[in-house]
Amino acid sequence: MPRLVRTLLERRVPHVLAIYAGASWGVVEFVDFAVEEFLLSPHWTRVLLVALLLLLPTALMLAWFHGKPGRERDGLARTEKIGIPANVVLCGAVLWMLFGGEDLGAATTSVTVETEDGEVVEREVAKAEFRKRTVLFPLDPGTGLDEDDSWLAYAVPSALEYDLSPDEFFDALPFALFRERLSGLGFPDLLGIPSALKRELAEERYAEFFGAGEIERTDAGYRVALRLHEVDDGSVVAETLLEGPDLLALIDELSPRVKDALGIPAREGIEDVPVRDWLSDDSAAVEEYFRGLAAFMVANDLDGAIGHMAAAAGLDPTFTGAQFSLYLFLLSNGRTEEALVALQAAMANLYRIPERHRFIVKAEYYFVAQDVARAAAVIDMWAELHPEDAQALRYRLIVHRITGDTEAKLATLATLQRLDPRDGGVLKEIAAAQEELGNDAEALAALAEYVERFPDDETGYASLAGLRRRRGEHDEARANLERAILIEPLAPGLVGALASLDLHTGNFDEARAGYERAIGLARTAAERADALEGLKHYHRFRGETAEAIRVADAWLEEASSEIAPMVLSQMRAADLEIYLDAGWIADAADFLDESKARIPPPFDSYLVPYLESRLALASGDLGAAREAHDATHQVAQAMGHGELLQSLRRLQGEIDEAAGDYESAITGYREVMATENPGPGLHRDLGRALRKVGRLDEAEAELREALRPIPAHPRTHFEIALVLEARGDAVAAVENLKAALVAWETADETYEPAREARGKMAGLEG
């Protein structure tokens, strides 16, 4: 060993390595400086570190063969000629494997866009790959805080997110996203959550970091402790403890520390003002604001949220965040006129909120005015100024949904997937969009990729089961659901999905038991409402109208505590179809009268006449049906509401069919089928119209297609029986009538379709 050391010293190997290490450190420091100064990809620092370590053998060889005192040799030794190129090739291969898929360009991209005022703006925006997706959980209350002070636990992360929102490098996931999940796990107030569970929740949403901590009252005011964790391993990357009399001043101190801990670079052009300027100078107004947010996001207390937010807006009318939140809460409560007053106040004080929030307020203003075109223009400008902003693209998806442009929706989803390949949820949305377009192969491929990437997520298998069932692949669907239930055996949604599969394949006893079990497993009002929705479908499927109505009332009781009244009124109005299916016209008219009073403007302008048209059609008053249909069509066309226009085209077909204009009805049904993936109901409508015009082979083909996803559907079997009867095949017609009546075995005596089927059976058998 002494001889080896002496030889190394003689050849000056330690000296060369020391020089190599020092030079390497200098180069790393320079590159690190360049990364921060010029906003280059932070991967460059790691690339250089790995390269310098991998090239260490080259430094050793050069030191060994050229470090000996005396005259330098000419050329390279044989070992060097082979070793150095091999080391360089190995280094390149390893770097390619580690960083070949990474973006090694700038961390920002340049965009140029013309604003509403005609001004051309150029700016640098963060690329999605380099954003720091973070969940800031509520802080746990410490000493000095009582139950009335709980709003402080939610105020700190909310205010911190708001203060950091102007910087696109900070990608926040609101803690309210986890409310329902945490409520079901026994944390209804979102406090006291174990770190392991926080990490799991953040990981499910593809976050890189999560924040947790405590807040206390002290003699000096407040003490805030915040820890930032890596989601990958749960390790703490930074811990901050601050104390002071002013909560918002503490937020201003926390913000740069959070950015530094997350590795967010400092750069020019980012709005950086005290968070008080974004909120309000009135401390009482700020407190009411955060109390209102807590009431809505945590307690789901809409009335309480409205009260607190109205108080905040009253204390400071220029408090834009409070005015806009008040608008949202009032709109959700169906108080549209009051909501518009708050929205107008928010529009008048847009300067009090960060730029990206201004786009949200403007888009909402045009949405509520039913001016989809202007809302789309605002969102397009937002997306052009912030092309890597996922929230802008999510708003663009709202426009696509309203206009019914599924192709555009698919393109936007592809952009979202490119921006953040980690977000597997986008894959499920892509699958749904492909299915809407009738591209089953592409939908299956997207879901297959999802379950391969996230094999422990039961929702992937559930989505795959839904698609398999709609394709008529019931065995495969059952296998997918059973796999999902193995992963999450106590999930009521999965049990309900298996019950629906049993119902649609004719296993009625198993289906009823499954729905009841789903209700028993439900832990929250939202889960109970979903389970009751399934049971309502069961009773409606079997013609048990009275039971379906009873369950619908129970659903309303559960859903009313979870769903905003504005949305609830529209969902409840859809139960009109229960009465119409059964032929209970008088009861349907009474139900519609009750529903109309609950539907707030502006939704009543198109939903009420649409429902009136449905009722008039079922009543046989075709003139009234056409009049109400035309009124709805005018509103939908003015709004650019493509989805509603599609529904109206189908309704027009039903009106034409009822009037005896079967060819026009067939044309209408086919037009709808050409623009969307037809469900079994549309195939059944088309088959019925084709039968009435005498095109029996085509009618049977459409009805068989309707039967494929729901082989036990009684209405479809009844329609097939009518086709077979018209063809003169009474035996086969009776078989289909029997299948229908098995499903309708427990139907109410006053259920009209079952009465018709029994009458037809008696005529064919007699």
Legend entry - Salt bridge flag under 4.0 Å for residues Asp380 and Arg396: yes
Legend entry - His629 side chain to Leu648 backbone, donor-acceptor under 3.5 Å: yes
Legend entry - Donor-acceptor pair between Asp282 and Ser280 side chains, under 3.5 angstrom: no
Legend entry - Carboxylate-amine/guanidinium contact Arg179 Glu562, below 4.0 Å: yes
Inset, instruction - Decide, yes or no, whether a salt bridge links Asp171 with Arg133 under the criterion of side-chain N to carboxylate O below 4.0 Å. - result: yes
Legend entry - salt_bridge(Arg276, Asp246) N-O dist < 4.0 Å: yes
Legend entry - Ion pair check, Arg291 and Glu288, cut-off under 4.0 Å: no
Legend entry - Presence of salt bridge, Lys409 and Glu429, under 4.0 angstrom: no
Inset, instruction - For residues Ala305 and Ala295, report the shortest heavy-atom separation together with the two atoms involved. - result: N-CB, 3.8 Å
Legend entry - Check ion pair Arg523-Glu180 (N to O, under 4.0 angstrom): no
Legend entry - Pairwise distance CG(Leu611) to OG1(Thr632) - rounded to 0.5 angstrom: 8.5 Å
Legend entry - Side-chain (Thr415) to main-chain (Ala411) donor-acceptor, under 3.5 angstrom: yes
Legend entry - Salt bridge present between Asp581 and Arg540 (N-O < 4.0 angstrom): yes
Inset, instruction - Apply side-chain hydrogen bond (donor to acceptor under 3.5 Å, both in side chains) to the pair Ser165 and His357, showing each step before the final yes or no. - result: CA-CA 9 Å; Ser165 65; His357 293 259; 3.2 Å; yes
Inset, instruction - Taking the side chain as every heavy atom from C-beta outward, state whether Glu216 and Val224 have any atom pair closer than 4.5 Å. - result: no
Legend entry - Electrostatic pair Arg572-Asp575, nearest N-O below 4.0 angstrom: yes
Legend entry - Salt bridge Arg356-Asp389, side-chain N to carboxylate O under 4.0 Å: yes
Legend entry - Thr134 side chain near Leu173 side chain, heavy-atom distance below 4.5 Å: no
Inset, instruction - Could you tell me whether the side chain of Phe324 reaches within less than 4.5 Å of the side chain of Ile360, counting heavy atoms only? - result: yes
Legend entry - Heavy-atom check, side chain of Met566 versus side chain of Phe603, under 4.5 Å: yes
Legend entry - Contacts of Phe290 that satisfy ring pair (Phe, Tyr, Trp, His ring centres under 6.0 Å) - sequence neighbours left out: none
Legend entry - Leu160 side chain reached by Ser255 side chain, heavy atoms, under 4.5 Å: yes
